[in-house]
Protein chains: 2
Amino acid sequence: MKLSEAKQQFISSWGAFGTQWGINRTMAQIHALLLVSINPLTQDEIMEELSISRGNVNMNIRELIGWGLVDRVIISGERKEYFTAEKDIWKVATQIIKERKKRELDPMIKLLSQLENVEGDKKDKAVQQFTQVIGSIKKLGLQADKTLDLLIKAEENWFTGSMLKMFK
Amino acid sequence: MKLSEAKQQFISSWGAFGTQWGINRTMAQIHALLLVSINPLTQDEIMEELSISRGNVNMNIRELIGWGLVDRVIISGERKEYFTAEKDIWKVATQIIKERKKRELDPMIKLLSQLENVEGDKKDKAVQQFTQVIGSIKKLGLQADKTLDLLIKAEENWFTGSMLKMFK
DNA sequence: CTGAATTTTCAAAAAATATTGAAAACAAAT
DNA sequence: ATTTGTTTTCAATATTTTTTGAAAATTCAG
């Protein structure tokens with residue numbers, strides 16, 4: 001397989017995987033494109049490469065910047081803005097975990113905490129069961145939250161190092 | 001907050017969280033409903049409770065069964081089928097991990113393995129960089145795969161037990 | 001086997017989401 | 001201050017995804 005062909009394949013597949021995870025296809029494709037581009041790209045280059053409109057590029061680039069996965073790059077003497085993606089995959093992964101935790105896990109735990117305080121007879125089977133289910137989901141959430149915090153702080157060898165040794 | 005109100009809130013919020021994870025809103029809501037229902041429910045009861053059509057219930061229930069999160073229950077003497085959800089949240093979590101791994105992570109690793117074999121000059125900076133990025137994503141994927149396999153096999157106290165001890 | 005109850009399918013409709021493109025806003029150079 | 005290149009916005013449009021509901025298929029009882 002040729003390089004250009006492989007890049008195309010990567011970009012298109014990454015977009016497809018993205019949608020399965022609730023991520024906009026184009027956003028995932030732009031990220032993929034920047035990951036496999038040696039040099040930073042302009043909006044025009046991204047438009048060209050992916051055959052998408054200027055507005056689409058602009059919106060998704062800003063979204064990617066919001067996720068902390070893409071940075072603006074100023075090239076001196078150039079009028080246009082350039083964009084580049086973090087290439088260190090460990091950093092990319094922790095950044096995504098950090099954001100999803102903040103946007104999704106934390107609000108979910110907050111919700112579950114509220115739902116735990118349902119009023120009613122403690123002997124009521126229905127109340128018991130509800131509180132039990134909500135409580136156990138919250139517990140799992142809190143544990144995941146804690147673990148992910150540590151993971152985010154841990155160094156790159158977390159997976160390869162102590163983690164795997166632990167399970168032998 | 002009253003129990004019925006809390007249930008409604010849980011179901012509706014669970015649906016919203018689901019969509020963020022690329023899961024059909026109704027499927028997540030049906031799952032939530034069954035999680036907080038003491039008794040198994042029929043399709044008619046689910047239709048009624050969530051105000052959705054029969055076809056919609058049927059399709060999403062089958063999808064949930066496919067994910068291993070919901071089971072058909074036969075109640076003797078009854079003609080209708082009943083449905084119930086696994087209430088043990090740890091089992092639910094490992095089941096979801098197992099399925100997403102199979103449906104998403106494994107295919108992704110397969111793709112990356114193919115893309116690693118790009119033909120071309122090894123000294124070409126572009127080829128090097130591409131291979132490096134693809135290789136590191138694959139590596140991360142393989143490590144996650146391995147870790148999740150162990151997690152799936154591990155007992156319920158994985159998070160609370162050794163996992164947290166490891167990080168102090 | 002027949003008929004009634006129940007489940008499944010799937011084309012059409014509705015809803016949700018993503019994309020376009022042109023106008024407006026902004027920024028740099030002269 | 002004006003022109004020119006560039007970025008941003010957002011209403012309109014297109015696409016994708018979900019939902020409906022009625023017909024077909026299936027299942028069970030008699």
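Letters A, B, ... mirror the listed sequences (proteins, then strands); counts begin at 1.
- Rounded to whole angstrom, the span from the CZ atom of Arg62(B) across to the P atom of dT6(C) amounts to 19 Å.
- Closest approach of Leu148(B) and Leu105(B) over heavy atoms only: CD1-CD2, 4.2 Å.
- Between the side chain of Arg79(B) and the base of dA29(D) there is no donor-acceptor pair of N/O atoms closer than 3.5 Å.
- Distance, Glu78(B) CD to dT6(C) C1': 12 Å, rounded to whole Å.
- Using a 4.5 Å heavy-atom cutoff, the side chains of Asp71(B) and Ile65(B) are not in contact.
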Next on the checklist: Within the 4.0 Å limit for protein heavy atoms, which parts of nucleotides 10-26 of chain C are touched? Write it as a string from 5' to 3', B for base, S for sugar-phosphate only, - for none.
Outcome noted: B-------SSBB-----

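- Separating the CD1 atom of Ile75(A) from the P atom of dT6(D) is a distance of 13 Å, rounded to the nearest angstrom.
- Distance, Ile61(A) CD1 to dT9(D) P: 14 Å, rounded to whole Å.
- Taking atom CD of residue Glu81(A) and atom P of nucleotide dG5(D), one finds them 17 Å apart after rounding to whole Å.
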Next on the checklist: For a side-chain hydrogen bond (donor to acceptor under 3.5 Å, both in side chains) check, start with the C-alpha distance between Asn58(B) and Arg54(B), then their side-chain angles and the critical distance, and finish with the verdict.
Outcome noted: CA-CA 6 Å; Asn58(B) 190 274; Arg54(B) 180 177 306 287; over 6 Å; no

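- Not one N or O on the side chain of Ser13(A) forms a donor-acceptor pair closer than 3.5 Å with the backbone of Phe10(A).
- Leu35(B) approaches Glu86(B) most closely through the heavy-atom pair CD2-O, 3.3 Å.
- Going from atom CE of Met47(B) over to atom P of dT20(D) covers 9 Å, rounded to whole Å.
- Put simply, CG on Asn58(B) is 14 Å from P on dT6(C), counting in whole angstrom units.
- Nucleotide dT19(D) holds its C1' atom 15 Å from the CD atom of Glu63(B), rounded to whole Å.
- Geometrically, Arg100(A) engages Trp21(B) in a cation-pi contact, judged by NZ or CZ lying under 6.0 Å from the ring centre and within 45° of the ring axis.
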